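Below, chain A is the first sequence line, B the second, and so on; all start at residue 1. Small disclaimer: the values here were computed from a predicted structure and weren't measured.
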Amino acid sequence: MTDVLQIRDLDVSFATDAGAVKAVDRVSLTVAPGEVVAIVGESGSGKTVTAKTILGLLPETATRSGAVILRSKDGQSENNVVTVSKDQLRKIRGADVSMVFQEPSTALNPVYTVGWQIAEGLRAHDSKLSAKSARARAIEILTKVGIPEPEVRVDYYPHQFSGGQKQRVVIAMALVLDPGLIVADEPTTALDVTVQAEILDLLRRCRDEFGSSIVLITHNMGVVADLADRVVVMYQGKIVEEADVRSLFANPQNDYTKKLLAAVPRIGQRIEAAERKAPIAHDAQPVVRADNLQIEYPGRMGRPGFKAVDGVSFTISPGEVLGLVGESGSGKTTIGRAIAGLTKVTGGSLSVLDSEMNGMKERSFRAKRSSIGFVFQDPASSFNPLLTITECVAEPLKVHRKDLDARAISQRVGELLEAVQLPKSYGERYPHELSGGQRQRASLARALALNPKLLIADEPTSALDVSVQARVLELFAELQAELGFAALFISHDLAVVDILADRIAVLYHGKLIEEGTGAEVLGAPKDPYTQRLLASLPVPDPVAQAERRRMLADLIAGTPPA
Amino acid sequence: MAITTPTAAPSRKKSMWRRLPIVHQLSQSVGIQRGMLVTGLVLTAVFVLTALLAPLLAPYGYSQLRDESGAFGAQRPPSAEHLFGTTVGGYDVLSRVIWGAQTALSVVVVAVLLSIFAGVALGLISGYFGGWLDRVLVVICDAIYAFPTLLLAIVMSIAISGGQSSLWGGIFAAAISITVVFIPQYFRVIRAETVRIKSEAYVESAKVVGTGNIRIMFRHVLRNATRTLPLIFTLNASEAILTLAGLGFLGFGIEPTSASEWGFDLNKALSDVSSGIWWTSVPVGLALVLAVLGMTLVGESLNDLADPRLRGRRAVAAASGTVAETSVVPGGSLTAGPGGLDGLENEGRS
Amino acid sequence: MSSLTLPATNGAPTPASKPASPRPRKGSGGSFWRYLVIRFLLIIPTVFILVTLVFILMRTTGDPITAALGDRLTADQLAERVAAAGYDRPIFVQYMEYLGQILTGDFGTTLSDNRPVLEVLLTYGAATLELAFYALIVAFAVGIPLGMVAAYFRDKTPDAALRILAILFYATPVFFAGMLLKLIFSVWLKILPVSGRGTTNTELEMQLLQGKTGIYLWDALRIGDPGILGDVLAHAVLPGLTLGLLTAGIFLRLVRTNVIGTLSTDYVDAGRSRGVREFRLVTKHAYRPALIPIITVIGLQIALLLGGAVLTETTFEWKGLGFQLTEYLQARDFVAVQGIVVLLAVIVALTNFIVDVIAALIDPRVRY
Amino acid sequence: VTALAISGCAGTSGNNSSGGSADSITVGTTDKVTTLDPAGSYDNGSFAVMNQVFPFLLNTPYGSPDVEPDIAESAEFTAPTEYTVTLKEGLKWANGNELTSSDVKFSFDRQLAIADENGPSSLLYNLDSVDTPDETTVVFNLKQENDQVFAQILSSPAGPIVDEDVFSADALTSDKDIVDGKAFAGQYTIASYDFNNLISYKANPDYKGLLGKAETETVNVKYYAESANLKLAVQEGDIDVAFRSLSATDIADLEGNDKVKVHQGPGGEIRYIVFNFNTQPFGSTTPEADPAKALAVRQAVADLIDREEIAEEVYKGTYTPLYSFMPEGLTGATTVLKDLYGDGNGAPSEEKAAERLTAAGITTPVVLNLQYSNDHYGPSSGDEYALIKSQLEASGLFTVNLQTTEWVQYSKDRSSDVYPAYQLGWFPDYSDGDNYLTPFFLIENFLANHYDNQEVNDMILEQATTVDPDERASIFEKIQAQVAADLSTVPYLQGSQVAVAGSDVDGVTLDASFKFRYAPLSK
Ligand SMILES: Nc1ncnc2c1ncn2[C@@H]1O[C@H](COP(=O)(O)OP(=O)(O)OP(=O)(O)O)[C@@H](O)[C@H]1O
Ligand SMILES: Nc1ncnc2c1ncn2[C@@H]1O[C@H](COP(=O)(O)OP(=O)(O)OP(=O)(O)O)[C@@H](O)[C@H]1O
Ligand SMILES: [Mg+2]
Ligand SMILES: [Mg+2]
C-alpha cells in the first residue's frame with residue numbers, strides 16, 4: 001500500500017442525552033502521498049468526526065468500528081488507529097499524522113510560550129532531546145512558516161500573535177515532526193478573507209516543500225477550489241461523491257453536490273427575487289442619515305475609550321438595501337446597533353426615522369421602535385429559550401399593539417410565520433427545537449411583526465450553512481420586494497452582500513472607505529483595501545481561482561501591506 | 001460545534017416532567033455520576049423524611065427528661081429504652097438526633113428561602129439597572145462576603161438574640177444569621193447571570209421592539225437567571241447546616257429546650273468523647289456528616305450534570321448497532337424534512 | 001452556565017462568578033495594574049462598611065459594662081457607669097467619635113481588658129496567620145495533587161472515592177474532627193500534643209526572645225534550638241491538619257472540575273494530537289491554565305479559612321484572632337471587635353489583591 | 001531576669017514533657033484575666049492572679065473563712081469610724097521600693113479616683129478617706145460605724161495594695177508596666193507574662209505575711225479556652241494541676257484515673273432563681289395581683305425543686321444542694337429551706353406544693369415564664385433549667401415556658417421587669433455572710449425584683465455593725481429565716497471548688513476563703 005491514509009468502512013456513534021447519534025456511516029477513503037484531499041459537506045455531516053478518528057481523538061462517548069490505517073512517511077510502519085494500543089497511538093500522533101485546528105486561538109495553550117508548545121511535541125517523541133536543540137528546531141520551523149523574527153517570537157505567548165500568525169504557529173506545530181499526513185479541520189474559517197488567502201498559501205507550501213499529504217476539511221467551496229486535488233462530499237454521515245477537483249466543479253454527479261454548488265453565493269450572481277425588488281424612493285426623506293457618525297466605547301476604569309466608528313457618513317432611502325461589509329472588528333455591528341438605539345452615539349449625527357440618535361432619550365425613542373426591525377446574527381441566542389416561538393414572535397405585538405386581543409395576536413403570528421414559510425404548528429415549539437434556518441426565519445418573522453420601515457440585519461446568515469443561507473437570502477429578498485422596507489444588511493461576505501444590496505459600503509477600521517453600487521464597488525474597486533479584499537475571496541471554481549491567486553500575488557507584491 | 005438538536009421533540013408532557021430539575025438530571029446521569037447523585041438523593045431524602053416525620057419517629061420529645069418510669073438519667077449507655085443512650089443533659093440521644101434533623105431542615109429552609117428572595121431581588125435589580133445602586137450593592141455585598149461567614153453569623157445572632165428565644169425564635173435567629181451570610185452569594189450569582197443575560201441577543205431583541213424594563217426583567221431575565229438556583233440551594237443548604245452547627249458549638253445557637261440542635265449536642269458531647277462515652281457524639285456527628293454529605297453530593301452532581309463537559313454519558317453498545325438516522329443537523333438538512341429545502345419547496349410559495 | 005464552569009464549592013458557591021468582575025482580556029495589560037490599584041483602594045470602602053455594620057450591631061445590642069458587671073451591680077450603678085463612659089449617647093454621636101479616632105490612627109485600648117488594640121492584633125494576628133499558613137500548606141499539598149488524580153481518573157472509582165473523601169473533609173465539623181484527631185494522636189498514640197502552640201518551656205523561651213514576632217515557627221527558627229522547633233511543629237500538626245483538610249476538600253473539588261474543564265479544550269487536544277502523554281497533559285497542559293480560576297477562587301477561600309479558624313482555634317487552644325473575636329463579641333468590647341474586623345477585612349482584601357497579582361503572573365495574557 | 005528558673009531549659013523535646021521538674025509546677029485554668037490592675041477588674045480570673053502577687057492588709061488564712069492581718073501587724077477599730085491598720089516593718093516591693101502606708105493610701109485613693117467602669121470601687125462604699133499618720137500606720141475613715149464587713153473588703157478584689165511608683169494615680173496601668181515594674185509583694189512575683197496564655201510565677205523571698213513562703217520556686221499557669229483541653233492536659237500530665245473549671249463529666253472520668261487526684265473543697269458560688277414580685281404570676285402589676293397567691297407560687301416552686309437530682313444529674317456532685325441563702329461553711333449559715341419546703345428532708349414534695357396552691361385558691365397548672373442565661377453560668381445551665389422545668393411540670397402543677405437570652409441583653413432585661421422568674425448566680429467578693437444578703441435583700445437591691453421587707457432591711461444593716469461574732473451569727477439566722485419565709489429568691493445549688501492534680505502533687509488547698517493559692521503546692 002502506498003496510500004498515507006486508508007479509511008475502510010468507518011462507523012462512529014455518540015452517546016448523547018437524546019440517545020445514540022450516528023455521526024459517520026460506513027465511510028471509506030484514501031489519501032495518497034502529497035495529495036490534498038478536501039472533505040466538504042453541510043454542517044454536521046461528520047467531517048470533523050472523521051478527522052478526529054484519524055488521530056484517535058474521539059471523546060469517550062464515541063464508539064467506532066472499521067479500519068483507519070495510517071502509514072508513516074518513510075513507509076516503515078502501518079497502524080490501524082482503531083485497534084492500536086494507547087501507547088502506540090500516542091507515538092503515531094504527531095509523528096505520522098498531525099492536526100491543524102479550526103480556531104487557532106483555542107488550539108494554543110494560553111499560558112505557555114509557543115516555543116515551549118512546539119518543543120512539547122518534539123519531546124513527546126524524543127525524551128532525550130535537549131532543551132536547547134528543541135528550541136533550535138522550534139525557531140527553525142517558525143522561520144519556515146513565515147513568522148518574522150522567530151528567535152524572538154519563539155518566547156512569545158499565543159496572545160501576542162495575530163490570528164493569522166497563530167494559525168501559522170499551529171501549522172508549525174503540526175509540521176515540526178514532519179508527519180506524512182496533516183489533518184486540517186476548517187483551518188481558515190475563523191480568519192478574515194485576506195488572512196485566509198495567506199494561510200491557504202502556507203498550506204500549499206506544506207505540501208510542496210514538506211511533501212505532506214493534507215486532509216482539508218471545509219465547507220467553503222472557494223477554499224476547496226483553491227487548494228484541493230481531490231474532493232470527497234459527505235452528507236448525513238455518508239460519502240455521496242468523490243472526484244478530482246476540476247471534474248467535481250465542472251460536472252457534479254450527486255444531487256446534493258449539485259445543490260451545494262448552486263447554493264454557494266458568487267459575486268455578480270443575481271437571484272430572481274432580488275430582481276423584482278421594491279423601488280427606492282430616492283427623493284423622500286432618508287430613513288437613516290449618518291453624518292460624520294462617531295461611536296466610542298468607553299474605556300474601562302479611566303482608560304481612553306475605543307473608537308469603533310470614526311466619522312462615517314451614509315444614507316438609506318426608503319426601500320433601499322444598503323450592504324455593509326468589512327473585516328471582523330471594523331465596526332459593522334456597532335453601526336447597526338447604534339441605528340437600533342442599542343449603542344450610544346458619541347459624536348456626529350445619526351438620524352433614524354427623523355429622530356436624532358445623538359443624545360437620544362430611550363423614552364422618546366420607544367414609539368419609533370415599532371418601525372424598526374432587527375435580525376440578529378445568531379438565531380439561537382436571539383430567542384428567549386423559555387418562550388415558545390409564538391410567544392417570541394408575539395412579543396412586539398403585545399408591547400405595541402395594545403389594541404389587539406389574544407386572538408388577533410395569534411392570528412397575526414400565524415400569518416407572519418407563514419410569510420416566512422414556517423408552518424403555523426412550529427409556533428408551539430421552543431427555540432431549541434428548531435433548526436438554525438428555521439430559527440432565522442422565525443427571527444425574521446419577529447422583526448417584521450410590526451411592518452417596520454427599516455430592517456437591520458446583522459450577519460443574519462453567517463451562522464448558517466451555505467445551502468440554508470441561500471434559502472434565507474432568497475426569502476429576505478422576497479419579503480423586501482413585497483413589503484418594501486429599507487434595510488441595512490451587514491455581512492462580511494462580499495458575495496452575499498452583492499446579491500441583496502442596492503448599494504454597498506465598505507468599512508475598514510471604523511472608517512467608510514468606499515461606497516457605491518455593487519457593480520461600482522465590486523466591479524471596479526478604487527480603494528486598495530477593497531481590491532485586496534476582493535482578490536482574496538476564493539471563488540468556487542478551480543480554474544478561475546488559479547487565475548485570481550496569481551492576481552492576488554501581484555497585488556500584494558505591488559502594494560505595500562496596509 | 002453544535003450538539004444535535006432533536007427536531008422531533010418527544011411528546012410534550014413527558015418532556016415537561018423530564019425537564020423538572022433533579023428528575024431531568026437523574027435521567028441524564030450515568031455510571032458513577034448517577035451513583036453519586038442517587039446516593040446524595042437517598043441521603044437527602046432520609047434527612048428530609050426524618051425531619052418531617054420526627055414526631056412519629058422519635059421515641060421521646062427533644063426536651064423530654066423523664067417518662068412514666070421516672071427520669072432517664074444522664075449519660076446512660078445504650079439500652080432497650082434508649083437505643084443510643086442518653087446525653088449529659090439526660091436526653092435520649094436517638095430522639096435528639098431525629099428532632100435535630102427537623103431543626104436543621106427548618107433552619108436550612110428558612111435561611112435559604114429568605115436569602116434566595118432577598119438575594120434574587122437585589123441581584124436582579126442591581127444587575128439589570130446597573131449604575132450607582134449596583135456599585136453600592138456590589139461593594140456592600142463584597143464587604144460582607146469578605147467577612148468570615150461564621151463570625152458574621154455570630155455577630156448577627158448576638159444582634160438578633162436580643163429578643164427572647166422560643167423554638168421558632170431560635171430557629172429564626174439562627175436562620176437570619178445564616179441568611180445574612182448567604183444573601184451576598186445569591187446576589188452575586190443572580191447579578192452575574194443578569195448582567196450576562198442582559199447582553200444576550202434575546203434581551204436586546206426585546207429592547208429593540210421597545211419592551212419595558214419591568215417586563216424584560218421578569219419575562220426574560222428572571223426566569224433565565226434562576227437556572228443555577230437549585231444547585232446553589234443544595235450547596236448552601238449543607239453550608240447552612242455546618243454554620244448552624246458552628247454557632248451551636250460556640251454557644252450562639254439554639255437552646256436544648258427550644259429545639260434539638262446537632263452542633264449544640266456535639267459541643268456538649270466533647271467532654272464525653274474524651275471520657276470514653278462515645279454514644280452521645282457519634283450518632284449526632286454521623287447524622288450531621290451524612291446530611292451534609294447527601295446534600296453536597298446532590299449539589300455536586302447537579303453541577304457536573306449541568307456542565308456538558310463534566311457530564312458522563314452512557315456508552316453506546318456498538319458502532320453499527322442501535323443507531324437511528326438521527327443526525328439531523330442544526331442548519332436543517334438540505335433535502336429531507338420540514339426544515340430542509342424540499343420541505344420549503346413543498347410548503348412555501350403558497 | 002458560565003458561572004458554573006468553575007465548581008461551585010460549598011464554602012463559596014459564588015466565587016465562580018467573581019472572575020466576572022473586571023478580569024481584563026488580552027491586550028489590556030496596561031489597565032491591569034490600574035485595576036489592581038483600584039482593587040487595592042477598594043479595601044477602604046470594604047473596611048468602612050464592615051466597621052459601620054459591626055459598630056451598629058454591637059452598640060445596639062449592649063455595652064461592655066453591662067456585659068462585664070451585669071450580675072455584680074444594681075441597675076442604678078450600672079446606668080451610672082454606662083453614662084459615665086458615654087455609652088448612653090446617641091449611637092450616631094458615638095460612631096462619629098469612633099470614626100474620628102480610627103482616622104487618626106488611634107485604634108484605642110480594649111474596653112474589657114485594657115490592652116492596646118494594636119498589640120492585640122499583632123499577637124493574635126500572628127497566631128492566626130501561622131495557623132492559616134500551615135493549613136494552606138496542607139490544603140495545597142493534599143488538595144491539588146489529589147484533585148489532579150481525580151481529574152485523571154474522572155468518573156472512575158478513584159475519582160468517586162476522592163470526591164467523597166473531599167466532601168467528608170468538608171462535612172465533618174472542625175470541632176468534631178479535631179476531637180477525634182486529639183483522641184487518636186494524643187491520647188491513644190501519644191505522639192502529638194493535645195493543644196496549644198508549644199509546651200510551657202517553649203512558650204517561656206519565646207517570651208524571652210528579643211523582638212519576638214508571635215509567629216512561633218519563625219521565632220523558633222531564630223532561637224535555633226531544634227528541640228523547640230520540633231515542639232512548635234509538633235503542636236502545629238493537628239490544628240494544621242484539621243483546618244487544612246477542610247480546605248483541602250474544597251481545593252480538591254476545585255482543581256478537579258477546572259482541570260477536567262481544561263482537559264476538553266482544543267489546546268489539550270492539540271497536545272494530544274502531537275503525542276503528549278496523558279499524564280503530562282493533566283499535570284502540565286491542563287493544570288496550569290486551570291490554575292488561574294483556581295487561584296482566584298482560592299483567594300476567596302481565605303475568608304472561609306479564617307472562619308474555619310475560629311473553630312480550629314477554639315478546639316486546639318490556638319489563641320488567634322477568630323477565637324479572640326468571639327470572646328470580645330460576648331464582652332461587647334466593640335473597640336477590640338472593630339480592630340479585629342478591620343484587620344480581617346484588610347487580610348481578606350489583601351489576599352484577594354495578591355491572588356490577582358499571582359493569577360496575573362501565571363496568566364501571560366494579563367502581564368505586561 | 002536571667003536567673004529565671006526555667007526547668008529543663010534547653011533541649012526539651014515537645015513530647016509529653018510534663019509540667020516540669022520538681023522545682024516547678026504547672027497549673028491549668030479556663031479562667032480569664034482581664035487586667036492585672038486591681039482598679040480595673042472585678043472578676044475571678046484577674047483576682048486569682050492578684051491573690052498570688054499583690055499584698056493584702058488582711059487575708060484569709062488557709063482553711064478558714066475569716067480574715068486576719070496579712071502584711072499588717074494589726075488591724076482594728078480604734079474608733080467607731082476609724083479602722084486602723086499597722087503594717088509590718090521593712091516591707092519591700094519586688095523591685096526594691098519600700099512598701100509603706102503611703103502605698104496603701106495610694107491604692108485605695110486611686111480605686112476611688114479611677115472608679116473604673118469595670119473595677120470594684122463600688123465595694124468601698126463605706127470608705128470615706130485614708131490617713132497615714134506614719135510610715136507603717138494607715139487609718140481608714142469610714143462613713144458608717146463599726147462596719148464588720150470592712151475587714152473582709154480589705155481582702156476582696158478592692159483590697160490589693162499597689163506600688164505608687166509603678167501605678168498611675170488616676171488611670172489604669174497596663175499589665176506590661178506592672179510586670180516590667182515588678183510591682184509585686186505577694187507570695188509570688190510574675191517573671192513572665194503572656195496575657196491569657198501563660199504566666200510564670202517566681203516565689204517572692206521578701207514576702208513576710210500571714211500565708212508564709214511558697215513551697216515551689218516556679219509556678220506556671222496555662223490558660224485554656226476549652227475545658228475539654230484542660231482535662232486532656234491534666235490527664236496526659238501536661239499540667240500538674242487543673243483548677244477551674246472542668247465539666248462534671250470530666251471530673252467524673254478523672255476520678256477513675258490513678259494518675260491524678262480530684263480535690264474538692266467548699267465553694268462560695270451559689271445558684272438561685274429570682275422572682276420578680278411585680279411580674280411573677282399574681283405579682284403586683286399583673287391583672288390578678290394577689291400577694292398571697294404569689295407567695296404560694298414561689299413556695300410551690302421551692303417545694304418542687306429537687307436539688308439533689310440537679311446536683312447529681314447535671315453536675316455529678318461538683319455542685320451540692322443548697323438549702324439556705326448563705327452557703328454552707330460560712331459562719332451563720334443555716335439550712336432553713338430544708339425544713340420549710342419539700343418533704344422536710346431536702347427532697348421535693350408534690351403533695352405539699354399542690355396543697356399550698358389549692359389553699360391559696362390557685363387553679364393549676366400555673367404558667368411560669370422562666371428565663372436563664374445560656375452561657376454566663378457555664379455550659380450546663382441549659383441542662384440545669386431543662387431539668388428544673390421537667391421537675392416543675394412533672395407534678396402537673398406548672399407549665400413552664402423556658403427561655404434564654406444572650407447575656408448582655410439578659411442583664412438589662414432582668415432589672416427592667418422583663419423576666420417574671422430567672423436564673424442568677426453569685427460569686428462572693430469576700431467570704432462573709434453579709435455578701436450573700438446585702439446585695440439581695442435590702443429594699444434597694446441589686447436584683448431590682450421589688451422585694452420590700454423593712455424588717456429584713458433593718459436586720460441586714462444591723463448585722464453589719466454588730467461587733468460580737470455570736471450575736472452577729474444569730475442575726476444572720478434570723479434574716480435567713482425571714483427571707484426563707486418571703487422567698488424573694490430560691491437558692492438551690494452551691495458550687496464546690498474542684499481541683500484535679502497529679503497524684504504526686506501535694507498542698508492543694510481549697511478552703512472557704514474561696515481563693516486558690518499556689519504557694520502551698522509542691523511535688
Ligand atoms: N462529542 C459529541 N457528542 C455527540 N455528538 C457529536 C459529538 N461530536 C459530534 N457529534 C455529532 O456528530 C455529527 C457530525 O459532527 P461533525 O462535527 O463531524 O460535523 P461537521 O461535518 O464537522 O460539521 P461542521 O461543518 O459544523 O463542523 C453531528 O450530528 C454532531 O452533532
Ligand atoms: N462593548 C464594547 N466595548 C468595547 N469595545 C467594543 C465593544 N463592542 C465592540 N467593540 C469593539 O469595537 C470594534 C468594532 O466592533 P463591531 O462589533 O462593530 O465589529 P464588526 O465589524 O461587527 O465585527 P464582526 O465581523 O467580527 O462582527 C471592535 O474592535 C470591537 O472589539
Ligand atoms: Mg466540524
Ligand atoms: Mg459583528
Side-chain angles (χ1 to χ4, degrees), chain B residues 31-33 35-36 139-140 142-152 154-156 158-159 162 184-186 188-189 191-193 195-196 227-228 231-232 235-236 238-239 242 245-246 249-250 263 266-267 270 273-274 281 285 288-289 292-293 296-297 299-300 303-304 306-307 309-310 312, chain C residues 1-5 7-14 17-18 20 42 45-46 49-50 53-54 57-58 60-61 155-157 159-160 163-164 167-168 170-173 175-176 179-180 182-183 187 253 257 260-261 264 303-304 306-311 314 322 325-326 329 341 344-345 348-349:
Chain B
I32 282 187
Q33 277 185 357
M36 291 177 79
V139 171
I140 290 182
D142 275 3
I144 293 180
Y145 195 78
F147 202 59
T149 51
L150 187 58
L151 295 177
L152 188 64
I154 292 173
V155 176
M156 281 313 297
I158 286 185
Q185 301 187 1
Y186 286 98
R188 293 167 73 146
V189 171
R191 182 183 168 278
E193 279 281 286
V195 167
R196 181 182 66 77
R227 289 173 311 160
T228 49
L231 161 66
I232 308 171
L235 294 179
N236 271 1
S238 53
E239 202 191 337
L242 289 179
F249 176 76
L250 292 172
L266 265 187
N267 181 16
L270 279 193
V273 176
S274 64
S281 55
L288 184 62
V289 170
V292 174
L293 180 67
T296 313
L297 275 179
E300 283 220 344
N303 188 27
D304 280 10
D307 189 339
R309 294 177 310 172
L310 298 178
Chain C
M1 285 270 151
S2 63
S3 68
L4 294 175
T5 51
T9 63
N10 281 337
T14 42
S17 60
K18 177 76 180 196
L42 267 179
T46 305
I49 289 169
L50 283 179
L53 192 77
V54 173
L57 287 178
M58 298 282 306
T60 46
T61 54
D155 294 331
K156 308 238 168 62
T157 320
D159 179 30
R163 292 175 66 191
I164 293 194
I167 300 177
L168 285 181
Y170 168 80
T172 315
F175 45 90
F176 190 53
M179 192 71 209
L180 294 180
K182 272 191 278 189
L183 272 188
V187 177
R253 297 155 60 199
T257 326
I260 288 178
S264 64
L304 179 88
L306 293 175
V310 179
L311 295 172
T314 312
L325 182 60
T326 56
L329 273 173
V341 167
L344 285 180
V348 170

Distance in Å, C/Arg253 CZ paired with B/Glu300 CD, rounded so as to fall on 0.5 Å steps: 4.0 Å

Selection from C/Leu311, C/Leu168, C/Ile164, C/Thr172 maximising heavy-atom pairs under 4.5 Å formed with chain B: C/Leu311

Selection from C/Leu53, C/Leu180, C/Val341 maximising heavy-atom pairs under 4.5 Å formed with chain B: C/Val341

For B/Val139, all residues meeting side chain to side chain contact (heavy atoms under 4.5 Å, CB included), sequence neighbours excluded: C/Leu42, C/Pro45, C/Ile49

Reported CZ-to-CG distance for the pair B/Arg188 and B/Asp142, which is rounded to 0.5 angstrom: 4.5 Å

Side chain, backbone, both or neither of C/Thr314 within contact of chain B (heavy atoms, under 4.5 Å): side chain

Which portion of C/Phe176 sits near chain B, non-hydrogen atoms under 4.5 angstrom: side chain

Contacting moiety of C/Lys182, where chain B heavy atoms sit under 4.5 Å: neither

Contact check, side chains of C/Leu50 and C/Leu344, non-hydrogen atoms, under 4.5 Å: no

Top contributor to chain C contacts, counting heavy-atom pairs under 4.5 Å, from B/Leu297, B/Asn267, B/Leu266: B/Leu266

Heavy-atom closest contact (B/Leu242 atom, C/Pro173 atom, distance): CD2-CG, 4.4 Å

Interchain contact, C/Val187 with chain B, by part (heavy-atom threshold 4.5 Å): neither

Most contacts with chain C, counted as non-hydrogen pairs under 4.5 angstrom, among B/Val195, B/Ile140, B/Val273: B/Val273

